[in-house]
Structures are given as structure tokens and as C-alpha cells.
Amino acid sequence: MFDERYRRVLKRHRQLSRGYVTKLQKNGVIVHKPIAHVREAMSFSTLLLPFGILFVLKAAIVTVLGEDGYRQQVDLMREGGFIEQIGAVFMQIDPITAPLAQLLSHIIG
């Protein structure tokens with residue numbers, strides 16, 4: 001219990017050391033609130049997870065359609081409008097998607 005409280009106090013101290021705002025609550029208590037920094041909200045792992053999920057989903061589509069069928073669909077997108085052409089650039093098979101698709105094909109069978 002002491003260690004838990006000690007860690008919370010240290011965490012609070014680190015947060016306040018980066019900057020804080022003093023506010024007066026309705027009941028008259030003065031409270032120091034740390035300033036939220038963009039760097040804390042946008043960590044590397046926060047960005048990595050959605051991209052990882054997108055690569056796995058794209059590999060699953062390649063596995064289901066097959067590489068030839070997938071390439072035909074991407075070629076159709078290249079012939080479409082501006083937004084579809086941008087989508088075709090992002091949806092083409094890349095060095096990450098190809099091995100993931102092979103792995104998924106071995107897992108799925």
C-alpha cells in the first residue's frame with residue numbers, strides 16, 4: 001500500500017514538474033492541474049497499433065482474394081476518381097503485407 005501511494009506521488013510530481021495551472025474549486029480548495037502535452041497523448045505505441053491492424057486486415061484481404069485478384073481490384077481503383085487513386089496507392093501490396101498474407105494463408109489453410 002505504501003509503495004502504491006509512493007508511485008502515485010512520484011507520478012504526480014513528474015506531471016506537475018512539466019507545468020501546471022492553479023485553479024480554485026467551488027468549495028474553495030486550490031488545486032494544481034498538470035498541463036496536458038501533445039507528446040503524451042500521441043505516443044509511438046498509440047500510432048503503431050492502428051497501422052498494425054490495417055496491415056493485418058490488408059493481408060487478410062490479399063489472402064482471401066489471392067494476389068492476382070487483389071491486384072486486379074487495385075488496378076480498378078487506379079482507373080477511378082482522385083480519391084480512389086489515392087486509395088490504390090495505399091492498398092497496393094507492400095513489403096509488410098506480402099509476408100503477412102503468406103503467414104495468414106498457412107494459418108487459414
Return the minimal non-hydrogen interatomic distance between [X] and [Y], and the atom names on each side.
X: Val62; Y: Ala101; result: CG1-CB, 3.8 Å
X: Arg78; Y: Ala88; result: CG-CB, 3.6 Å
X: Phe55; Y: Thr97; result: CD2-OG1, 3.7 Å
X: Ala59; Y: Leu100; result: CB-CB, 3.5 Å
X: Leu104; Y: Thr63; result: CB-OG1, 3.6 Å

So, do [X] and [Y] sit near enough that their side-chain heavy atoms are less than 4.5 Å apart?
X: Lys58; Y: Asp94; result: yes
X: Val31; Y: Val29; result: yes
X: Pro34; Y: Arg12; result: yes
X: Ile93; Y: Glu67; result: yes
X: Gln73; Y: Leu76; result: yes

Return each pair, listed once, that meets ring pair (Phe, Tyr, Trp, His ring centres under 6.0 Å) where at least one residue sits in residues 9-36; pairs must be two or more places apart or across chains.
->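 Non-adjacent pairs meeting ring pair (Phe, Tyr, Trp, His ring centres under 6.0 Å): Tyr20-His32.
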For Arg71 and Gln92, test the side chains for any donor-to-acceptor distance below 3.5 angstrom and give the result as yes or no.
->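 No.
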So, taking the atom named [atom1] in [X] and the one named [atom2] in [Y], what distance separates them when rounded to the nearest 0.5 Å?
X: Gln15; Y: Leu10; atom1: CD; atom2: CG; answer: 11.5 Å
X: Leu54; Y: Ile96; atom1: CG; atom2: CD1; answer: 11.5 Å
X: Met77; Y: Gln85; atom1: CE; atom2: CD; answer: 10.0 Å
X: Ile35; Y: Arg18; atom1: CD1; atom2: CZ; answer: 11.5 Å

Crowded around Ile30 CD1? As in, over 12 foreign heavy atoms under 6.0 Å?
->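 Counting other residues, nucleotides and ligands, CD1 of Ile30 stays at 12 neighbours or fewer.
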